[in-house]
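Just the heavy atoms: all of them, side chains too, but no hydrogens, waters or symmetry mates, feed the values below. A note on names: the letters A, B, ... follow the listed sequences, proteins ahead of strands, and every chain is numbered from 1.
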Amino acid sequence: MSKLLTKTLREAPAEAELASHQLMLRAGMIKRLSSGIYTYLPLGWRVIKKIENIIREEMDAVGGQEINMPVVHPAEIWQESGRWYSVGAELARFKDRWGREMALAMTHEEVVTDVARQYIDSYKQLPVVLYHLQTKFRDEPRPRGGLIRVREFIMKDAYSFHRDFEDLDRYYPAMCQAYMNIFWRCGVDVTMVLSDVGMMGGSTAHEFMMLSEAGEDTLIFCDKCGYAANEEVATLQKGEPLPRPASVPGIEEVATPGTTEVEQVSQLLGVSTKVVMKTMVYESGDRLVLAVIRGDLDVNERKLANASGVTELKPAEPDRIRRAGMEPGYLSPVGLKGAGITVVVDDSVSDGGPMIAGANKAGFHLKNVLYGRDFSGTVRDIALARSGDRCSRCGSPLRVTRGIEAGNTFKLGTKYSSSMNATFVDVDGERKPFVMGCYGIGVGRLFACIVEGHHDEKGIVFPMTVAPYHVYLIHLGESDDVKEAAQRVYAELDGAGVEVLYDDRDVSAGVKFNDADLIGIPVRVTISKRTLAHGAAELKLRSADEVRLVDLGDLALQIRNMVAAEKRKYNDRRVQYPTVW
RNA sequence: CGGGGCGUAGCGCAGUUGGUAGCGCGCUUGGUUUGGGACCAAGAGGUCCCGGGUUCGAGUCCCGGCGCCCCGACCA
């Protein structure tokens, strides 16, 4: 310990706000170099290695083969997949000395696909699962929360290659189970939720979320049937569509001064908000996207972006709306002219009868507006699920919580294999693109999740499986017999394969105890004149209050048992992942 | 990129009407202590984020930049 490169801090640096961030800084596990870029100090790095080894074991158990792919990629491979052009500034690009375009790895689909097309020729070799633990760089717009969201990070990414979708479907649950095992063994309770496919592309995706207010994602749950989804994709029951009479009278303009919100219109006209159309305008580059939804619902921007085929949306500026011939506060999809406007209509509107819409004219609305007759657009579900909305599966009220995404799984399909011409010869002699899955875990983020979930007022309380050391050994007082006894205990434990951090510093008892609590090593062993008088050492679990004296002769055995028992708490339990979908 | 905040010793902070920088913790040396962040004494440590301006004089006022944190848009 006296030689260990660390520095425990009594006070947390001002830059840290989250418990995990403060504690990792205070315990001397990480050091910030630049925004979102961290050095792991010895204690922190040991934890990372523990996590990585758990991941390796579980990946190997589902047939994974570990490889290592480069951090620096030539532009060509990203151009092949098309992502050189579709991904924005988060892909860090630079030129090498010859002026060749290069990129820092942000993820490795392209590279692994390149490996697969070279080394997998036949269906007989499939399925193949490759994984690696590697540094990635994503030039995130906003790093935050210490290790929760960084720019440079270690990620475990695994990629599976299959003959067909059926085989991917068969394999996918095994990977999900491996994920549950990893998180549980690290002491992190996760919930698997349906998620958006994001920039990865592909069909089905799940995220593994640790529920926490510190989380960046909003999650929608149904307690009754177990439906769980990221808000980005969560569905809901929207209730019966509005009745659609056989004949609907033509559009009629009504004066509605000062009613720029759905609520005000419904009050003025004495109708339910369900009869009022809510129209929102977003912009994406030079395109405008008009979202039309029933007045009692809200627009889900992620769904809207997906529906309109763009990656980024933001609410349009009023000036821009007016230039396009519309009137903020009285927006309407009726009578739109001008190019570059995409209209996306929620099914709550398209399925129903006549509604009230804005007139694109200040102070006026239109009655009897009918989708199909008076306006058109792409019909999609673009509704935002909110607390209390009804579950699309069973109709029960939905609940909303926040979560930290610790990992995710995707059914990628043939997006990369097709674009990069990665094929194999199937039984029928035909060349077919691999059907791929990809599976990621942010290692540093998982570390942060562990600390976020395992701490108290005094510091971290590590699960034995990921603790930097098993035992924190303290001697109190500088007398030779105490120091010698401590050294013997250290040697004995070390010889028995127990990882011991020996606090040999000549500092007061309080300092040692407080540092022990802060660093959070699971077992604390104290040797002092007092314990030696009984021929014993004091044994304490970080997670419990009780201390007990253990005879020096029994100490090593007892500690070994303790370490094993603590590991078993996490390693033995296998959490079955839910199969509601 | 929009909104908010902060940059003074390794960390946490103070610094008045503009007058030449301080406190606590940590660090070094010596001594006394030794079961929950001890005590005494002596020290070391500062481009006050950077650049420009105002002024006899700027940590303090003005302008410009940079860095960092928090809230949003994006993701492991």
Sugar-phosphate, base or nothing in reach of A:Glu301, heavy atoms under 4.0 Å: nothing
Touch class at under 4.0 angstrom, heavy-atom based, for A:Gly145 against every strand present: sugar-phosphate
Sequence-aligned protein contact record of nucleotides 3-12 of chain B, with B where the base is within under 4.0 Å of a protein heavy atom and S where only the sugar-phosphate is: -------SSS
Base-contact (B) and sugar-phosphate-only (S) positions in nucleotides 41-48 of chain B, heavy-atom cut-off under 4.0 Å, - elsewhere: --------
Sugar-phosphate, base or nothing in reach of A:Pro315, heavy atoms under 4.0 Å: nothing
Out of B:rC75, B:rG26, B:rG36, whichever nucleotide has its closest atom nearest the side chain of A:Arg10: B:rG26
Side-chain donor/acceptor of A:Ser508 to base of B:rG37, under 3.5 Å: no
Over 12 foreign heavy atoms within 6.0 Å of NZ, A:Lys529: no
Under 4.0 angstrom between A:Asn514 side-chain N/O and B:rG36 OP1 or OP2: no
Exercise: do A:Tyr131 and A:Asp157 side chains pair donor with acceptor under 3.5 Å: no
Sugar-phosphate only, base, or nothing, as touched by A:Gly510 at under 4.0 Å among non-hydrogen atoms: sugar-phosphate
Complement of B:rG51, any strand, by Watson-Crick or G-U distances under 3.5 angstrom: B:rC63
Side chain of A:Glu140 (C-beta onward), nearest among B:rG35, B:rC71, B:rA76: B:rA76
Cation-pi geometry met for A:Arg138 and A:Phe153 (6.0 Å, 45°): no
Quiz item: cation-pi between A:Arg93 and A:Trp78, 6.0 Å / 45°: no
A:Lys303 NZ - B:rC74 C1' separation (whole Å): 19 Å
Under 4.0 angstrom between A:Arg149 side-chain N/O and B:rC74 OP1 or OP2: no
Sole candidate of A:Gln177, A:His206, A:Lys411 that passes side-chain hydrogen bond (donor to acceptor under 3.5 Å, both in side chains) when paired with A:Tyr172: A:His206
Counter-base of B:rG43, judged by Watson-Crick or G-U geometry with both distances under 3.5 Å: B:rC27
Integer angstrom distance from the C1' of B:rG4 to that of B:rU8: 22 Å
Touch class at under 4.0 angstrom, heavy-atom based, for A:Asp157 against every strand present: nothing
side-chain N/O A:Arg142 vs B:rC71 OP1/OP2, d < 4.0 Å: yes
Aromatic ring pairing A:Tyr40/A:Phe447, orientation class (parallel under 30°, perpendicular over 60°, tilted between): parallel
Closest nucleotide among B:rG36, B:rC75, B:rG35 to the A:Arg524 side chain: B:rG36
Atom-pair distance (CG on A:Asn230; C1' on B:rA76), nearest Å: 13 Å
A:Phe153 over B:rA76, stacked by centroid distance under 5.5 Å, angle under 30°: yes
Whole-Å distance separating the CZ atom of A:Arg144 from the P atom of B:rC71: 5 Å
Closest-nucleotide 5' rank along RNA chain B - winner of A:Leu549 and A:Gly444: A:Leu549
Parallel, tilted or perpendicular: rings of A:Phe208 and A:Tyr179 (30°, 60°): tilted
Spacing of A:Ile474 atom CD1 relative to B:rG37 atom C1', expressed in whole Å: 13 Å
Whole angstrom value for the distance that separates C1' of B:rA76 from CZ of A:Phe208: 13 Å
Whether A:Tyr570 and A:His454 hold their rings parallel, tilted or perpendicular, with breakpoints at 30° and 60°: perpendicular
Sugar-phosphate, base or nothing in reach of A:Arg151, heavy atoms under 4.0 Å: nothing
Inter-nucleotide P distance (B:rC70, B:rG59), Å rounded: 31 Å
Quiz item: A:Arg445 side-chain donor-acceptor pair to B:rC75 base, under 3.5 Å: yes
Sugar-phosphate, base or nothing in reach of A:Ser35, heavy atoms under 4.0 Å: sugar-phosphate
Identity of whatever pairs with B:rG72 - Watson-Crick or G-U, under 3.5 angstrom: B:rC1
Spacing between A:Ile148 atom CD1 and B:rA76 atom P, to the nearest angstrom: 14 Å
A:Thr8 side-chain N/O to B:rG37 phosphate OP1/OP2 under 4.0 Å: no
For B:rA21, the Watson-Crick or wobble partner whose two distances fall under 3.5 Å: none
Shortest side-chain distance from A:Glu90, nucleotide among B:rC70, B:rG35, B:rC74: B:rC74
Whether A:His73 and A:His108 hold their rings parallel, tilted or perpendicular, with breakpoints at 30° and 60°: perpendicular
Touch class at under 4.0 angstrom, heavy-atom based, for A:Val150 against every strand present: base
Sugar-phosphate, base or nothing in reach of A:Ser34, heavy atoms under 4.0 Å: sugar-phosphate
Out of B:rG35, B:rA76, B:rG36, whichever nucleotide has its closest atom nearest the side chain of A:Leu476: B:rG35
